[in-house]
Structure formats: structure tokens, C-alpha cells
Amino acid sequence: MYTFQEIWGNQRLIQHLRNATKNQKTSHAYLFIGGAGAGKRMIAKTFAKYLLCACHKDEPCGVCDSCRVFDSGNHPDVIHVISEKKTLGVDEIRGQILETVDIKPYHYDKKIYIIHQAHTMTVQAQNALLKTLEEPPSYAVFLLLAESMDAFLPTILSRTVTLKISPLSEEEISRYLLQKG
């Protein structure tokens with residue numbers, strides 16, 4: 001569950017994430033851009049699992065304590081930032097990120113915030129997040145999942161590594177269907 005091998009397409013993007021991690025040059029903030037169903041959630045979750053994996057190989061190992069806890073959906077150092085409303089407002093950013101970001105990771109080296117539907121963040125929410133993106137704690141990593149870059153303030157974009165998720169080619173879809181069929 002959640003390995004890079006399970007992800008079809010976007011091999012350059014995956015290799016970028018692997019290399020950054022291996023070379024200890026990961027950013028504190030990534031913006032994954034892709035349409036609905038493009039795979040940004042799966043890629044972000046796999047990357048989060050990979051960052052927390054104790055084995056430090058090309059894939060999340062799936063057997064270390066961190067990977068097993070991640071796969072259970074209860075990893076204490078992975079926070080999913082979501083909203084029940086149509087927009088992600090300042091109250092959600094304050095309550096789900098700003099009030100906890102200064103608390104060190106529970107057990108592992110990193111504390112990862114996966115911000116779902118980040119493109120729905122209000123201007124006020126983006127401004128609230130901005131200071132943390134400018135001066136993040138050394139252990140914090142923010143993975144923003146969005147359908148478009150258009151909704152973001154330039155200051156947010158300048159503090160994130162933007163990774164565009166490409167749709168699968170017809171050839172990749174055919175290979176997938178033949179393999180799974």
C-alpha cells in the first residue's frame with residue numbers, strides 16, 4: 001500500500017521526489033497540481049510515507065514501524081488538513097496547522113501536513129499559512145494538493161515547489177488495463 005511502484009505515469013516527478021529525499025534536499029513545502037482523479041493524493045501520501053520510512057531505500061518499505069502505522073491510517077506525525085465547507089478558511093488553517101506546527105513530531109523525524117483541496121483556501125487562510133511557510137520548523141513538511149495554481153497568492157507559490165501531475169497517456173492506460181485486466 002502506497003509505494004512508488006503502484007503509481008502509473010509521472011515517473012520524472014517521482015524520481016525528483018526520490019532524489020531530493022536521498023540527497024537530503026527536500027523542500028519544506030510542495031504544491032501538487034492536477035485535475036480531479038489525477039493521482040495527486042496517492043503521490044502525496046506515498047511521498048509522506050517515504051519521508052517517514054525508517055529504511056531509507058528507493059521505496060517506502062512497508063514493514064518498519066512508521067510504514068505500518070502509516071498504512072493503518074493513524075500515523076501520529078501525518079496531519080490531514082480538510083474542511084467540511086466549500087472553502088478552506090482561516091479557522092481550519094489555525095486549528096489544524098498553526099496551533100500544532102510548533103509541537104515537535106511525536107515519534108519520527110518529520111511532521112507532515114497534507115492540505116487537501118488547497119486551491120479552496122481563502123485569501124485569509126493563505127495569509128495565515130504564509131508566516132509558517134516563510135519560517136517553518138525544521139521538521140515540518142507541507143504537501144498542498146490542488147487542482148489549479150490560479151487560486152494561490154504569489155507569495156504562497158514562491159514558497160512551494162510546484163509539481164504538476166500529468167494525466168496518463170493512452171499507452172499508459174492501455175498497459176495498466178492489460179496488466180490489471
Side-chain angles (χ1 to χ4, degrees), residues 1-2 4 6-10 12-14 16-17 20-21 26-52 69-106 108 110-168:
M1 182 175 218
Y2 296 112
F4 289 123
E6 294 172 0
I7 298 170
W8 286 77
N10 293 288
R12 258 207 230 144
L13 183 146
I14 290 165
H16 170 81
L17 296 173
T21 305
T26 55
S27 175
H28 67 285
Y30 290 88
L31 174 58
F32 293 91
I33 300 289
K40 58 190 167 293
R41 184 177 303 134
M42 183 175 191
I43 292 171
K45 283 184 172 184
T46 303
F47 183 48
K49 183 178 177 182
Y50 184 55
L51 287 172
L52 294 166
V69 173
F70 188 95
D71 286 340
S72 76
N74 295 313
H75 201 293
D77 294 326
V78 177
I79 295 93
H80 292 271
V81 180
I82 56 172
S83 177
E84 301 293 323
K85 303 173 192 166
K86 288 184 179 180
T87 60
L88 192 55
V90 69
D91 291 339
E92 286 90 4
I93 296 302
R94 285 184 182 139
Q96 296 182 51
I97 298 176
L98 304 182
E99 290 178 6
T100 64
V101 74
D102 290 327
I103 300 169
K104 291 190 177 189
Y106 174 71
Y108 303 95
K110 305 254 183 237
K111 187 174 192 177
I112 300 174
Y113 290 88
I114 301 176
I115 305 173
H116 299 269
Q117 301 293 317
H119 59 279
T120 67
M121 267 194 293
T122 64
V123 171
Q124 296 84 355
Q126 290 182 57
N127 281 322
L129 181 60
L130 191 56
K131 184 171 184 342
T132 301
L133 290 181
E134 289 172 340
E135 298 174 21
S138 60
Y139 50 79
V141 178
F142 299 91
L143 307 178
L144 290 78
L145 312 183
E147 293 181 9
S148 165
M149 292 175 32
D150 299 339
F152 292 99
L153 297 171
T155 49
I156 295 285
L157 294 174
S158 71
R159 284 160 181 81
T160 60
V161 173
T162 301
L163 300 171
K164 294 182 180 176
I165 313 276
S166 302
L168 294 178

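What you see is a predicted model, and the numbers here were worked out from it, not measured in a lab.
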Item to check | Side-chain donor or acceptor of K111 paired with backbone N/O of P137 under 3.5 Å | outcome: no
Next on the checklist: For the CG atom of L145 and the CD1 atom of I33, what is their distance to the nearest 0.5 Å?
Outcome noted: 9.0 Å
Checklist outcome for this item: Rounded to the nearest 0.5 Å, the NZ atom of K131 sits from the CD atom of E134 at a distance of 7.5 Å
Checklist outcome for this item: Value for OG1 (T155) from CG (L129), rounded to nearest 0.5 Å, stands at 9.5 Å
Item to check | Side-chain donor or acceptor of Q126 paired with backbone N/O of M121 under 3.5 Å | outcome: yes
Checklist entry - Do R41 and H80 come close enough that some side-chain heavy atom pair is under 4.5 Å? => result no
Checklist entry - For the residue pair K110 and L52, what are the closest heavy atoms and their distance? => result O-CD2, 3.5 Å
Checklist entry - Counting distance only, does the side-chain N/O of Y113 pair as donor-acceptor with the main-chain N or O of V101 below 3.5 Å? => result yes
Checklist entry - Less than 4.5 Å apart, any side-chain heavy atom of I14 and any of T46? => result no
Checklist entry - Mind checking whether L130 and I156 have side chains closer than 4.5 Å, heavy atoms only? => result yes
Checklist entry - L144 pairs by side chain to side chain contact (heavy atoms under 4.5 Å, CB included) with which of I114, T162, L31? => result L31
Next on the checklist: Under a 3.5 Å distance rule, please check whether Y108 uses its side chain to pair with a backbone N or O of P105 as donor and acceptor.
Outcome noted: no
Next on the checklist: For a quick test of reading the model, state the closest non-hydrogen atom pair linking A44 to L143 and the distance between them.
Outcome noted: O-CD1, 3.5 Å
Next on the checklist: Check whether T122 reaches the backbone of A125 with its side chain - one donor and one acceptor, N or O, closer than 3.5 Å.
Outcome noted: yes
Next on the checklist: Quick check for you: to the nearest 0.5 Å, what is the distance between T132 atom OG1 and L98 atom CG?
Outcome noted: 4.5 Å
Item to check | H119 side-chain N/O to E147 backbone N/O, donor-acceptor pair under 3.5 Å | outcome: yes
Checklist entry - H75 versus Y106: any side-chain heavy-atom pair under 4.5 Å? => result no
Checklist entry - Between H28 and F142, is there a donor-acceptor pair closer than 3.5 Å when you use the side chain of the first and the backbone of the second? => result no
Item to check | OG1 on T21 to CG on L51, rounded to 0.5 Å | outcome: 4.5 Å
Item to check | Pairwise distance CD(Q96) to CG(D91) - rounded to 0.5 angstrom | outcome: 10.5 Å
Item to check | Donor-acceptor under 3.5 Å (K40 side chain, G35 main chain) | outcome: yes
Next on the checklist: Does any part of the side chain of K49, heavy atoms only, come nearer than 4.5 Å to the side chain of D71, both counted from C-beta?
Outcome noted: yes
Next on the checklist: Can you confirm whether T160 sits close enough to F152 that some side-chain heavy atom of one is under 4.5 Å from a side-chain heavy atom of the other?
Outcome noted: no
Item to check | Backbone N/O of G89 and side chain of T87: donor-acceptor pair under 3.5 Å | outcome: no
Item to check | Heavy-atom check, side chain of Y139 versus side chain of D77, under 4.5 Å | outcome: no
Item to check | For the student: nearest non-hydrogen atoms of I112 and A48, plus distance | outcome: CD1-O, 3.6 Å
Next on the checklist: For V81, is there any backbone N or O sitting under 3.5 Å from a side-chain donor or acceptor partner on E92?
Outcome noted: no
Checklist entry - Tell me, do F32 and I43 make a side-chain contact under 4.5 Å, heavy atoms counted? => result yes
